[in-house]
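Take a look at the structure set out below.
Along the sequence shown, residues are numbered consecutively beginning with 1. Counting starts at 1 for both ligands and their atoms, following the listed order.
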Amino acid sequence: MAPVHASKTKSPFTKSDNLLFDPALIPASIQESLPAGYVVRPLARSDNQVRSNSSFLKTLEVLTTVGTISDDAFQRRFQYLKEHSDQYYTIVIEDMNVPPTSAGSATSSSPSLVTPGRGKIVAAGTVLAERKFIHELGMVGHIEDIAVSADQQGKKLGLRIIETLKAIGQQVGCYKVILDCSEKNVPFYEKCGFERKGVEMGWYV
Ligand code: ACO
């Protein structure tokens, strides 16, 4: 894979128990390429608690049915991912231009740091690092569940999500990053640097 060019600018986030993984894995150069007021960060434990129209789960609804997930169930799933945080890398893009509400008005003591959940989540995606025996215990990154809110599509947020996930996959040691998609999304993934390989097969229970 082509090298990721790290930027000298610091990430606006620091490693914390609230975040799924260390935000230092997200290249600052991608953060800098987002529209003003938008930030890219790891999924946060609190991302199910912000106002109902802007949660992570709401964002996933452009993909498929999400269903009713209680906060307790969300927390248990987040905790599982956190305990396997060298495997699951879920990221979100948050639009911080949205005025804070009482549900998400916490501020940071440092102006250079940003509090997750203050704005509105507008995009999400995951790369899963699979550990293999082949290729000398190689690792393969699987990109899953890419979603950009319907009213935010066309602003290159999907592209930035994919660039971030590719960079994370590369940094954690994956020798390739792959994904399955519908025919209509092929041109988007080609713009993101992917090419057709093989055929997807499925078996539904
Ligand atoms: N057909 C052709 N070109 C496209 C398409 C498309 N369907 N979608 C985006 N592009 C192009 C854009 O025009 C742009 O090209 P440019 O650089 O020449 O201007 C480039 O791809 C980047 O587009 P973005 O603005 O980053 O795309 P967006 O933010 O709208 O995200 C996405 C694209 C993720 C497909 C979004 O439309 C979406 O969430 N769709 C619904 C859910 C979905 O289908 N998710 C993908 C499932 S597959 C998976 O999860 C592995």
Side-chain angles (χ1 to χ4, degrees), residues 1-2 4-5 7 20-21 25-43 47-48 50 52-67 69 77-78 81 84 87-98 119-130 132 139-172 174-204:
M1 278 190 275
V4 177
H5 298 291
S7 159
L20 184 58
F21 61 89
L25 278 174
I26 298 176
S29 55
I30 297 176
Q31 175 61 58
E32 287 160 16
S33 63
L34 289 172
Y38 286 58
V39 292
V40 56
R41 61 166 171 84
L43 181 69
D47 280 337
N48 199 35
V50 288
S52 57
N53 278 338
S54 66
S55 78
F56 166 66
L57 297 176
K58 193 85 192 159
T59 304
L60 293 182
E61 285 178 2
V62 294
L63 274 168
T64 188
T65 309
V66 176
I69 297 173
R77 177 54 50 92
F78 184 92
L81 302 187
H84 300 80
Q87 220 176 322
Y88 290 97
Y89 301 90
T90 298
I91 59 166
V92 297
I93 292 178
E94 187 170 352
D95 175 5
M96 294 293 188
N97 298 305
V98 178
K120 177 176 178 171
I121 292 176
V122 293
T126 295
V127 63
L128 169 64
E130 178 205 1
K132 301 179 89 68
M139 274 169 58
V140 171
H142 297 266
I143 285 186
E144 293 285 341
D145 298 348
I146 305 304
V148 177
S149 301
D151 64 345
Q152 298 278 331
Q153 292 175 8
K155 295 181 177 178
K156 303 240 189 293
L157 301 182
L159 175 67
R160 302 305 173 216
I161 288 276
I162 297 298
E163 286 175 343
T164 306
L165 298 177
K166 285 165 66 181
I168 292 170
Q170 184 176 13
Q171 287 180 84
V172 301
C174 295
Y175 69 89
K176 68 175 178 181
V177 174
I178 57 177
L179 60 87
D180 291 329
C181 72
S182 63
E183 194 63 37
K184 84 174 169 56
N185 282 330
V186 167
F188 165 69
Y189 287 113
E190 285 175 341
K191 292 246 159 116
C192 295
F194 286 77
E195 56 188 69
R196 283 180 192 266
K197 289 273 179 189
V199 175
E200 179 197 343
M201 308 280 282
W203 181 76
Y204 289 79

Per-atom contacts of ligand 1 with [X], taking only distances under 4.0 Å to non-hydrogen atoms:
X      : result
Gly158 : 26 (O), 28 (P), 29 (O), 31 (O)
Asp180 : 48 (S), 49 (C), 51 (C)
Leu157 : 26 (O), 29 (O)
Lys184 : 1 (N), 6 (C), 7 (N)
Ala147 : 39 (O)
Asp145 : 50 (O)
Leu159 : 26 (O)
Pro187 : 1 (N), 2 (C), 3 (N)

No-hydrogen, no-angle side-chain donor-acceptor test under 3.5 Å, Gln171 and Tyr89: no
Considering non-hydrogen atoms of the protein only, which is the closest contact for [atom], and what is the distance?
atom                    : value
atom 49 (C) of ligand 1 : Tyr189 OH, 3.3 Å
atom 39 (O) of ligand 1 : Val148 N, 2.8 Å
atom 8 (N) of ligand 1  : Phe188 CB, 3.6 Å
atom 35 (C) of ligand 1 : Asn185 OD1, 3.6 Å
atom 40 (N) of ligand 1 : Gln153 NE2, 3.6 Å
atom 30 (O) of ligand 1 : Gly154 N, 3.0 Å
atom 34 (C) of ligand 1 : Ile146 CG2, 3.7 Å
atom 47 (C) of ligand 1 : Leu63 CD2, 3.7 Å

Under-4.0 Å heavy-atom contact with ligand 1, by part of Lys155 that carries it: backbone
Part of Lys191 within contact of ligand 1 (heavy atoms, under 4.0 Å): side chain
Nearest heavy atoms of Ala129 and Met139, plus distance in Å: CB-CE, 3.6 Å
Ser149 versus Thr59, closest heavy-atom pair with distance: OG-CG2, 4.0 Å
Selected option - heavy-atom contact closest to atom 17 (O) of ligand 1, from Lys156, Glu163, Glu190: Lys156
Validation row: Val39, Met96 side chains within 4.5 angstrom (heavy atoms): yes
Min side-chain heavy-atom separation Ile146-Leu63 under 4.5 Å: no
Non-neighbouring partners of Phe194 that pass ring-ring contact (aromatic ring centres under 6.0 Å, His included), sequence neighbours left out: none
Exercise check, heavy-atom protein proximity under 4.0 Å to atom 51 (C) of ligand 1: yes
Atom 13 (O) of ligand 1 touched by protein (heavy atom, under 4.0 Å): no
Side-chain ion pair, Lys176 and Glu130, N-O less than 4.0 Å: no
Pairing of Glu163 and Lys166 as salt bridge, 4.0 angstrom limit: no
Non-hydrogen atom of Ile161 closer than 4.0 Å to ligand 1: no
